[in-house]
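Take a look at the structure below.
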Amino acid sequence: GDCEEEISAVAREVTEIKQHGFVTPDELDAAISKADVLISIGNSFSRSVPSKIISYLSYGKPVIHFSSQDSDVCNEYLERYPLALSIHEKTSAFEAAEKIMLFINNSRSVVISYEQVAHAFAENTPDYSANLIDQRL
């Protein structure tokens with residue numbers, strides 16, 4: 001979202017990183033749909049769950065979350081999601097790599113149905129919000 005300058009600086013130094021700039025929602029959906037594993041990089045200073053996490057969970061795909069906070073609020077959600085791995089930045093590179101490889105090998109081609117996700121996260125569904133609004137009317 002707001003890191004174009006940082007990404008540009010790193011992309012100039014690391015040729016494996018390709019900067020594509022902003023993409024349309026349709027392009028983003030197509031890329032996520034094709035992905036085997038979704039990556040989330042946590043916020044450094046926030047107590048809010050990024051909408052990206054909720055969106056990722058709705059795809060039912062494996063999610064690897066990199067956290068820099070000791071009590072990252074995203075972990076409360078990811079612990080309820082059976083295809084999630086959270087790696088704290090304090091984890092050694094060797095241990096993180098081991099966990100990631102094991103996770104990818106065990107979750108390759110596994111997808112959770114939308115119904116399963118909606119059941120586990122009922123309070124985050126459009127139906128839940130619509131029902132709350134209806135009750136207030």
> Quick check: does any side chain N or O of Lys61 sit under 3.5 Å from a backbone N or O of Ile112, one acting as donor and the other as acceptor?
Replying inline: no
> Checking salt bridge (Lys or Arg N to Asp or Glu O under 4.0 Å) for the pair Arg80/Glu123: CA distance, chi angles, key distance, verdict?
Replying inline: CA-CA 13 Å; Arg80 296 181 355 210; Glu123 74 279 6; 2.9 Å; yes
>> Against Ile104, only a single residue in Leu85, Val37, Asp36 fulfils side chain to side chain contact (heavy atoms under 4.5 Å, CB included); can you say which?
In response: Val37
> Hey, is the main chain of Asp29 close enough, under 3.5 Å, to the side chain of Ser33 for a donor-acceptor pair?
Replying inline: yes
> Shared ILVMFWY cluster between Ile100 and Leu78, side chains joined below 4.5 angstrom?
Replying inline: no
> Looking at Leu38 and Tyr59, what are the two nearest heavy atoms and their distance?
Replying inline: CD1-CB, 4.4 Å
>> Could you see if Tyr56 belongs to whatever hydrophobic cluster contains Val111? Use Ile, Leu, Val, Met, Phe, Trp, Tyr and a side-chain cutoff under 4.5 Å.
In response: no
> Got a sec: does the CD1 of Ile39 have more than 12 other heavy atoms crowding it under 6.0 Å?
Replying inline: yes
>> Quick check: is Ile64 connected to Ile53 through a chain of hydrophobic side chains (ILVMFWY, heavy atoms under 4.5 Å apart)?
In response: no
> Does the Lys90 side chain pair with the main chain of Ile87, one donor and one acceptor, at a distance under 3.5 Å?
Replying inline: no
> Would you say the side-chain atoms of His88 pair up with the backbone N or O of Phe66, donor to acceptor, closer than 3.5 Å?
Replying inline: no
> Applying the 4.5 Å side-chain criterion to the ILVMFWY set and letting contacts propagate, would Ile54 and Ile32 be lumped into a single cluster?
Replying inline: yes
>> Using the side-chain contact (heavy atoms from CB on, under 4.5 Å) criterion, which residues pair with Gln19? Sequence neighbours excluded.
In response: Glu4, Ile7, Ser8, Ala11
> With a 3.5 Å cut-off and no angle check, do the side chains of Tyr77 and Asp72 form a donor-acceptor pair?
Replying inline: no
> If you take all heavy atoms of Val117 and Gly60, which pair is closest and at what distance?
Replying inline: CG2-CA, 4.4 Å
>> Applying side chain to side chain donor-acceptor pair (under 3.5 Å) as the test, list every pair that has at least one member in residues 100-115; sequence neighbours left out.
In response: Ser113-Gln116
>> Which heavy atom of Ile41 sits nearest to which heavy atom of His65, and what is that distance?
In response: C-CE1, 4.4 Å
>> Test your reading of the model: is there a side-chain donor-acceptor pair from Glu79 to the backbone of Glu76, 3.5 Å cut-off?
In response: no
> Would Glu5 and Arg12 pass as an ion pair if we require N to O under 4.0 Å?
Replying inline: no
> Hey, are the side chains of Cys74 and Ser67 touching, using non-hydrogen atoms and a 4.5 Å cut-off?
Replying inline: no
> So which heavy atom on Val63 is nearest to which on Tyr81, and how close?
Replying inline: CG2-CE2, 4.1 Å
> Measuring from Glu89:CD to Asp70:CG, what's the distance to the nearest 0.5 Å?
Replying inline: 8.5 Å
